[in-house]
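These notes concern the structure reproduced below.
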Amino acid sequence: MTLQAKHPSESLVIKSELVLPNDTNTLNNLMGVRLMYLMDVVGAICALRHCNQGVVTASVDNVSFKAPIALGNIVTLQATVTRAFTTSMEVHIEVWAEDVLSKVKTKCNEAFFTFVALNEAKKPMPIPEVIPETDREKELYDSALRRRQLRLILAGRMKPAEATELRALFENL
């Protein structure tokens with residue numbers, strides 16, 4: 001089976017939603033679990049577009065809430081595949097809140113999600129490569145292997161000594 005490599009823009013997903021009362025906590029801010037749900041959905045759609053197969057969420061990197069998203073704000077999420085490995089892919093998701101009345105947009109969050117492509121038998125399957133073109137895409141692509149090695153170490157699936165990309169960072173100091 002030959003897989004056609006793809007440019008990140010082919011999988012790009014941008015989604016906006018209005019923050020409604022049912023989505024908020026007692027401080028009238030978007031609940032974290034609701035934001036994480038939206039991020040997972042946007043990331044999964046992006047991964048689906050990349051591999052044209054079913055996907056499952058394998059991991060989520062640090063989700064830090066940098067700024068609140070208030071009731072009545074428009075929350076916009078943007079997801080793009082940064083790098084594909086054999087059966088998994090890393091998806092970068094950025095989140096902005098927009099106060100329409102004041103016209104202020106604030107970047108509130110960003111995280112990396114990992115998705116695994118599954119075949120009809122629900123077994124991991126090969127996926128297309130990513131071809132980065134812009135400087136930002138190349139930067140995210142190049143650093144994705146280090147993030148992947150760190151994820152695998154933290155999950156106990158890789159020994160630190162095997163993390164050649166991470167080790168190279170510290171050998172040059």
Side-chain angles (χ1 to χ4, degrees), residues 2-17 30 35-36 38-53 55-69 73-100 103-117 124-155 157-158 160 162-173:
T2 305
L3 297 172
Q4 183 71 32
K6 294 185 175 183
H7 181 272
S9 64
E10 293 180 69
S11 312
L12 177 69
V13 175
I14 300 173
K15 176 181 176 52
S16 294
E17 285 207 12
L30 182 66
L35 178 59
M36 291 171 62
L38 294 171
M39 292 174 80
D40 195 35
V41 170
V42 166
I45 293 169
C46 181
L48 280 163
R49 282 187 176 164
H50 181 76
C51 67
N52 301 317
Q53 285 296 134
V55 296
V56 293
T57 308
S59 71
V60 178
D61 286 12
N62 180 34
V63 179
S64 297
F65 302 96
K66 298 173 182 148
I69 302 172
N73 281 177
I74 295 172
V75 61
T76 300
L77 301 95
Q78 180 174 322
T80 187
V81 176
T82 59
R83 188 161 182 168
F85 299 97
T86 306
T87 60
S88 67
M89 68 204 92
E90 180 187 80
V91 175
H92 181 235
I93 303 169
E94 294 178 300
V95 180
W96 291 271
E98 178 182 356
D99 182 328
V100 179
K103 298 181 177 142
V104 172
K105 289 183 183 178
T106 306
K107 186 171 182 181
C108 300
N109 195 306
E110 82 182 292
F112 293 94
F113 282 51
T114 302
F115 293 89
V116 174
M125 62 170 288
I127 58 174
E129 289 181 52
V130 171
I131 303 170
E133 290 182 353
T134 68
D135 288 342
R136 178 71 174 143
E137 290 168 354
K138 289 174 185 175
E139 176 187 325
L140 288 169
Y141 179 91
D142 290 342
S143 58
L145 185 54
R146 291 187 295 274
R147 287 187 297 274
R148 180 175 191 260
Q149 288 181 352
L150 184 57
R151 282 183 210 110
L152 292 172
I153 290 168
L154 292 173
R157 297 179 55 213
M158 176 184 268
E162 296 169 350
T164 56
E165 288 293 312
L166 289 174
R167 206 170 54 237
L169 284 175
F170 297 103
E171 289 173 354
N172 296 328
L173 294 179

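Computed from a prediction, not measured in an experiment: that's the story for all the values here.
- Distance alone, capped at 3.5 Å, is enough to place a donor-acceptor pair between the Gln149 side chain and the Glu165 backbone.
- Note: Thr134 OG1 to His7 NE2 = 6.0 Å, rounded to the nearest 0.5 Å.
- Within 6.0 Å of the CD atom in Glu129, the count of heavy atoms belonging to other residues, nucleotides or ligands does not exceed 12.
- Residues Ile69 and Val95 meet the side-chain proximity criterion, which asks for heavy atoms closer than 4.5 Å.
- A pairwise comparison of heavy atoms in Ala79 and Ile93 identifies CB-CG1, 3.9 Å as the closest pair.
- Shortest non-hydrogen contact noted between Val63 and Ala111 is CG2-CB, 4.1 Å.
- Arg83 places no side-chain N or O within 3.5 Å of a backbone atom of Val130 that could act as its donor or acceptor partner.
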Practice item. Could you walk me through whether Asp99 and Thr106 pass side chain to side chain contact (heavy atoms under 4.5 Å, CB included), step by step? Key: CA-CA 9 Å; Asp99 182 328; Thr106 306; over 6 Å; no

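- Residue Leu38 holds its CG atom at 5.5 Å from CG of Leu77, rounded to the nearest 0.5 Å.
- The minimum heavy-atom distance between Glu90 and Leu140, with the atom names listed, is OE1-O, 4.4 Å.
- Pairing each heavy atom of Thr87 with each of Pro126, the nearest pair is CG2-N, 3.9 Å.
- When side chains are defined from C-beta on, Tyr141 does not count as touching Thr82, because their heavy atoms never get closer than 4.5 Å.
- For the atom pair Arg147 CZ and Leu152 CG, the distance stands at 13.0 Å (nearest 0.5 Å).
- Between Pro68 and Cys108 there is no side-chain heavy-atom pair separated by less than 4.5 Å.
- In this structure, Pro132 and Lys138 have side chains that are in contact, with non-hydrogen atoms separated by less than 4.5 Å.
- Put simply, the side chain of Asn109 gets close to the backbone of Ser64: a donor and an acceptor are under 3.5 Å apart.
- We find the CG-CD distance between Asp135 and Glu137 to be 9.5 Å, quoted to the nearest 0.5 Å.
- Trp96 has its side chain out of reach of Asn73: every pair of non-hydrogen atoms, C-beta onward, lies at least 4.5 Å apart.
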message = Before you tell me yes or no, could you show the steps for Phe112 and Arg151 under side chain to side chain contact (heavy atoms under 4.5 Å, CB included), namely the whole-Å CA-CA distance, both residues' side-chain angles and the distance that decides it to 0.1 Å?
response = CA-CA 11 Å; Phe112 293 94; Arg151 282 183 210 110; 3.6 Å; yes

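- Between Asn52 and Lys6 there is a side-chain heavy-atom pair separated by less than 4.5 Å.
- Residues Glu110 and His92 meet the side-chain proximity criterion, which asks for heavy atoms closer than 4.5 Å.
- For the atom pair Phe113 CZ and Ser59 OG, the distance stands at 9.0 Å (nearest 0.5 Å).
- No more than 12 heavy-atom neighbours from other residues, nucleotides or ligands sit within 6.0 angstrom of NZ on Lys103.
- The minimum heavy-atom distance linking Pro8 with Ile131 is given by the pair CD-O, 3.2 Å.
- Residues Thr114 and Phe85 fail the side-chain proximity criterion, which asks for heavy atoms closer than 4.5 Å.
- Here the CG-OG distance, from Leu150 to Ser143, works out to 12.0 Å after rounding to the nearest 0.5 Å.
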- Task: Determine, step by step, whether Lys107 and Glu94 satisfy the salt bridge (charged side-chain N to carboxylate O under 4.0 Å, His left out) criterion, reporting the C-alpha distance in whole Å, the side-chain angles of both residues, the deciding distance to 0.1 Å, and the verdict.
- Result: CA-CA 8 Å; Lys107 186 171 182 181; Glu94 294 178 300; 2.8 Å; yes

- Task: Test side chain to side chain contact (heavy atoms under 4.5 Å, CB included) on Ser11 and Met89 and set out the steps.
- Result: CA-CA 12 Å; Ser11 312; Met89 68 204 92; over 6 Å; no

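- Shortest non-hydrogen contact noted between Arg146 and Asp142 is NH1-O, 3.8 Å.
- Residue Met36 places its CE atom among 12 or fewer non-hydrogen atoms of other residues, nucleotides or ligands, all under 6.0 Å distant.
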